[in-house]
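What follows is a single structure, written as structure tokens, with notes after it.
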Amino acid sequence: MDLTLITGKIVGLIWSKGLILLCLGAGIYFSAILRFPQVRLLKDMVKLLVGGKSSDKGVSSLQGFAMALGGRVGIGNIAGVATAIFYGGPGAIFWMWIIAFLGAGSAYAESALAQVYKQDIGNSYRGGPSYYIEKGLANKPFAVILAVVIIIANGFTGPGVQSFNIGDSIKNAFGISPTYTGIFIAALLCIVIFGGVKRVGKFAELVVPFMAGAYIIVALTILAINIKNVPAMFALIFSSAFNLNSAFGAVFGNAVLWGVKRGIYSNEAGQGTGAQAAGAAEVSHPAKQGLVQASSVYVDTLFVCTATAIMILSTGAYNISNPAGGFLVENLPGVGVGTAYTQTAVSTLIPGLGAPFIAVSVFFFAFTTLLAFAFYAESNVAYLFKNSKHLKTVINVVRVAIVLLTFAGTVRSSEFAWNLGDIGVGMMAWLNIIAIIMLTKPVLATLKDYEEQKRMGLDPVFVPERCGIKNAELWDDIVKNNYPDELAALKEKTSKA
């Protein structure tokens, strides 16, 4: 039984044109009806990112952002970008940008919903697709199905892509066996995730900005050295994206497909994963974390993915597959698709630097994604067993399983690992996007209420009744206990109106 072949066929079914259109359509839909908050409220997005505070039950906005960004910034930002270029040509990068810009609208929607309908389980805030489907749509069976899908996708099929690429890149750079790498990763993962959501949030807050910043600095350095190639590079991206370059006409359709596919895999907008990090945050209004999480899509794709694309394209360190067989471009004979493209590009800066730099980058990128995956799986286990006295035991069992599967993932085949990851991502995206579209009304209500209170000169606080939202009773206690001054100011303003 060829599992790689079987899983490849399943990927083809899930990632049909229907899913591509659904993802693009949802991004356009939410961006339009919310009047493009990713542009209008960019100042708020930045301000809210550094503001806020943690509490006994929730992480800070910045920690929630870092957890979500840690999940978004993973192996997809290095190997995923290379794969998009290999199958879709340079034009795939343009479509990654488009899905990031539009995906910020979907990211706002799912993250604001996660805040609206979050729950206090085990003295920690939990939120995400299953929570807002049950409480917002009153559809428990749908919520349970998506919870199971998310547990499978993040706890069982997703980690293999990350851990395989860590093991593979470290082997290539330092000659260390993936078995030893797997043991180290599993042990470190165990230490962090068994410390609970607060430890995961703190780790992400410290590591994620450092790793993303260092990666972007190296990319900008390479760009500066190859500045003469920049005009031609951008011309190549745009001409290929719109089928204006005859050399890449054979992969024009693949440019859209792979650009959107790898863009969604990387930035996760619409999957519902970032929403779970959003639901764990302590904020005074759901719109605040919705805007913060929308900015994480920008950072992931417009900065980190673009950094990879710049390094690869400006140095010519890539091949492009011909769907009919062979290559349309073969600048690196004998080099397979994956992290090798970026390694080669970095080595143009300092010979021999590429492999170790990318190995270290892959480690940090993929490890923080593993942490996020563990948290997402745990949040959905908490949803399924929230009324069980065995909740803590079940969570610990799932944590152990994730650690073991992470170790096992270091020795899988690359294609099989990617197939499993694509299956999980695709299933989540299908279900979650349908759900958030059905919950358009509360999505609109949160942003409208936030902006109304801002115009009144207030620091917005969420009172569900003001927005006509039901089943968000936890917010009565949150606002009363944590934001009494802001609530009093709102009541004073509204009483005078």
Side-chain angles (χ1 to χ4, degrees), residues 65-84 96 100 154 158-174 178 181-182 184-186 188-189 192-193 200 203-220 222 262-268 271 273-274 277 296-312 337-343 345-346 353-376 402 406 409-410 414 417-418 421 425:
F65 166 87
M67 287 165 61
L69 186 59
R72 299 185 200 282
V73 177
I75 192 61
N77 295 80
I78 301 177
V81 173
T83 304
M96 290 184 79
N154 289 287
V161 176
Q162 310 300 324
S163 60
F164 172 82
N165 280 281
I166 293 175
D168 189 52
S169 62
I170 289 179
K171 179 184 177 182
N172 292 337
F174 306 111
T181 302
F184 174 75
I185 298 167
L188 185 58
L189 182 65
V192 179
I193 67 174
V200 172
F203 185 92
E205 181 184 29
L206 293 172
V207 172
V208 170
F210 166 77
M211 72 178 192
Y215 191 75
I216 291 170
I217 288 171
V218 170
L220 291 176
I222 292 174
R262 283 288 164 257
I264 293 169
Y265 186 91
S266 178
N267 66 48
E268 301 184 2
Q271 291 179 34
T273 46
S296 71
V297 175
Y298 278 175
V299 174
D300 171 87
T301 305
L302 299 185
F303 292 155
V304 183
C305 282
T306 299
T308 300
I310 284 171
M311 288 190 279
I312 291 173
V337 66
T339 59
Y341 291 4
T342 319
Q343 288 175 356
V346 174
L353 177 64
F357 175 77
I358 294 303
V360 173
S361 298
V362 167
F363 172 78
F364 280 112
F365 282 20
F367 186 75
T368 53
T369 299
L370 287 169
L371 291 179
F373 282 178
F375 173 71
Y376 299 156
I402 291 172
T406 296
T410 58
S414 178
W418 273 110
V425 169

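We count residues from 1, following the sequence as given.
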To the nearest 0.5 Å, tell me how far [X] [atom1] sits from [Y] [atom2].
X    : Y    : atom1 : atom2 : result
T181 : I170 : OG1   : CD1   : 4.5 Å
T369 : F365 : OG1   : CZ    : 9.0 Å
I78  : C305 : CD1   : SG    : 9.5 Å
F375 : L370 : CZ    : CG    : 15.5 Å

Contacts of [X] that satisfy side-chain contact (heavy atoms from CB on, under 4.5 Å) - sequence neighbours left out:
X    : value
A219 : A307, M311
T306 : W97, I310
S163 : T406, T410
A309 : V81, I93

Closest non-hydrogen atom pair, [X] against [Y]:
X    : Y    : result
L371 : V192 : CD2-CG1, 3.5 Å
A173 : A355 : CB-O, 3.4 Å
A374 : I193 : CB-CG2, 3.7 Å
N154 : Y376 : OD1-CD1, 3.6 Å
L189 : I402 : CD2-CG2, 4.2 Å
T301 : G263 : OG1-O, 4.5 Å

Practice problem: For the pair D300 (side chain) and S296 (backbone), establish whether a donor and an acceptor sit closer than 3.5 Å, ignoring hydrogens and angles. | Solution: no
Quiz item: By ring-ring contact (aromatic ring centres under 6.0 Å, His included), which residues pair with F363, not counting sequence neighbours?
Solution: F367
Quiz prompt | side-chain hydrogen bond (donor to acceptor under 3.5 Å, both in side chains) contacts in which one or both residues fall within residues 208-217, not counting sequence neighbours | solution = Y215-T308
